[in-house]
Amino acid sequence: MNNHQVCSIDHAKSLDNKLRGIIQNPNKILGNYINKGMLVIDIGCGPGFFTTTMAELVGDKGKVIAIDLQEKMLEFLKDKIRGTKLEEIIITHQCSERSLELSAEADFILAFYMVHEVPCQKTFFQEVKSLIKLDGKVLVVEPFFHVSNRSFQKTKEIVSNMGFEIIEEPNMFMCRSIVLKSKS
Ligand SMILES: C[S@@+](CC[C@H](N)C(=O)[O-])C[C@H]1O[C@@H](n2cnc3c(N)ncnc32)[C@H](O)[C@@H]1O
C-alpha cells in the first residue's frame, strides 16, 4: 500500500547513519551516474544521507541542489555540513508539497524513498522532466515493503507517459528502482 504521508523529522537519524551506509552504500549506488563538475539534484533529500556523497562526487566545480519540503530536514543537513567544504557545493532549497518551485538543467537527479510521498506523481514527474538535461539521468528508488509491486508498476506507467524511457532497473537490496532518460 502506498501512502502519501511525509516522513517525519523524527526519522532523520534512522535515515542518516553508518549502518544504512553498509546496506545502501551511496558511493556504490551513485558512482556510475555522477562525475566531477556536474549539476545534480537530490529531491526529497531528507537529512542528506545521499547529498553529501553527491557533493563529494561532483567536487568543487560542481553543485548539488538539495530539495525538501521540510525546513527541519534541510536544517539537519545544513548542521551536518556546517564548517566543511561541502557548504560551498550544496545549495538547499525548500519547496512546497505540490511543486518543486525550481528551474534548472541538471545532469542527474535522485529521488530516493520519496516518490510515494508526493501527492501527484504526474505533476511531480512533469517537473522532474523540466529539470533534467536531454541526456541526463534520473534515479528513482522506492522502499520494497512500503511500495507494492502494483504501485511501482503505476509509477513506471506514469514516467513512460511523461516522455521518459526506463533504461535500467538496478538491483538494490529491499528496493524497487528505475533509471530514467528523456525520450527526446
Ligand atoms: C523517507 S525520506 C527520504 C530521505 C532521503 N531521500 C533518504 O533516502 O535518506 C522522504 C523525504 O522526502 C521529502 N518529501 C516528501 N514529499 C516531498 C515533496 N513533494 N517534495 C519534496 N520533498 C518531499 C520528505 O520531507 C522527506 O524528507
Side-chain angles (χ1 to χ4, degrees), residues 1-31 33-34 40-57 64-81 86 90-104 106 108-132 137-148 151-152 154-155 158-159 162 170 172-180:
M1 279 263 291
N2 278 7
N3 70 62
H4 299 288
Q5 238 176 15
V6 171
C7 171
S8 153
I9 181 70
D10 297 342
H11 293 119
K13 285 202 174 124
S14 62
L15 287 167
D16 194 58
N17 63 70
K18 285 201 175 119
L19 183 64
R20 187 179 179 197
I22 297 169
I23 300 163
Q24 295 180 337
N25 182 319
N27 268 300
K28 281 195 186 151
I29 293 173
L30 302 171
Y33 306 107
I34 303 180
V40 301
I41 306 179
D42 186 4
I43 306 181
C45 62
F49 175 73
F50 290 100
T51 319
T52 49
T53 299
M54 290 167 89
E56 282 157 8
L57 289 169
V64 183
I65 305 175
I67 307 178
D68 208 286
L69 58 87
Q70 297 186 75
E71 192 181 357
K72 284 189 175 159
M73 288 292 191
L74 295 174
E75 286 303 328
F76 191 105
L77 168 60
K78 283 195 250 182
D79 284 347
K80 204 165 71 166
I81 61 171
L86 300 186
I90 298 171
I91 301 159
T92 57
H93 172 75
Q94 189 178 3
C95 65
S96 68
E97 195 178 28
R98 295 194 177 269
S99 170
L100 298 173
E101 297 169 345
L102 183 77
S103 94
F108 174 78
I109 294 178
L110 176 68
F112 206 107
Y113 282 6
M114 65 78 61
V115 168
H116 61 282
E117 295 186 10
V118 305
C120 175
Q121 291 194 20
K122 281 186 189 163
T123 311
F124 174 76
F125 282 109
Q126 220 158 25
E127 284 199 90
V128 169
K129 186 114 200 300
S130 76
L131 292 172
I132 192 78
K137 289 178 184 165
V138 182
L139 173 59
V140 176
V141 183
E142 289 284 77
F144 189 87
F145 288 116
H146 210 62
V147 174
S148 67
S151 300
F152 200 58
K154 192 104 192 96
T155 298
I158 292 170
V159 298
M162 289 293 131
M172 254 179 249
F173 184 63
M174 294 297 174
C175 293
R176 304 186 192 277
S177 48
I178 44 178
V179 179
L180 316 176

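Numbering of ligands and ligand atoms starts at 1, following listing order. Side-chain atoms are counted along with the backbone in the values below, which use heavy atoms only and exclude waters and symmetry mates.
Proximity of His93 to Glu101: side-chain heavy atoms (C-beta onward) are separated by under 4.5 Å at one or more points. Contact annotation: the side chain of Val40 never approaches that of Leu110 to less than 4.5 Å [non-hydrogen atoms, C-beta and beyond].
Side-chain contact annotation: Ser96 with Ser99, donor-acceptor N/O pair under 3.5 Å absent.
Qualifying ring-ring contact (aromatic ring centres under 6.0 Å, His included) partners for Phe50, counting only residues two or more places apart in sequence or in other chains: Phe112.
Note on ring orientation: taking the six-membered ring where Trp is involved, the planes of His146 and His116 are perpendicular (angle over 60°, cut-offs 30° and 60°).
For the pair Glu75 and Lys78, the salt-bridge criterion is met [side-chain N within less than 4.0 Å of a carboxylate O].
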Which N or O atoms of ligand 1 sit under 3.5 Å from a protein N or O, and how far apart is each pair?
{"unit_1": "ligand 1", "atom_1": "6 (N)", "unit_2": "Gly44", "atom_2": "O", "d": "2.7"}
{"unit_1": "ligand 1", "atom_1": "6 (N)", "unit_2": "Phe112", "atom_2": "O", "d": "2.8"}
{"unit_1": "ligand 1", "atom_1": "8 (O)", "unit_2": "Arg20", "atom_2": "NH2", "d": "3.0"}
{"unit_1": "ligand 1", "atom_1": "9 (O)", "unit_2": "Arg20", "atom_2": "NH1", "d": "2.7"}
{"unit_1": "ligand 1", "atom_1": "19 (N)", "unit_2": "Glu97", "atom_2": "O", "d": "3.2"}
{"unit_1": "ligand 1", "atom_1": "25 (O)", "unit_2": "Asp68", "atom_2": "OD1", "d": "2.6"}
{"unit_1": "ligand 1", "atom_1": "25 (O)", "unit_2": "Gln70", "atom_2": "NE2", "d": "2.7"}
{"unit_1": "ligand 1", "atom_1": "27 (O)", "unit_2": "Asp68", "atom_2": "OD1", "d": "3.4"}
{"unit_1": "ligand 1", "atom_1": "27 (O)", "unit_2": "Asp68", "atom_2": "OD2", "d": "2.6"}

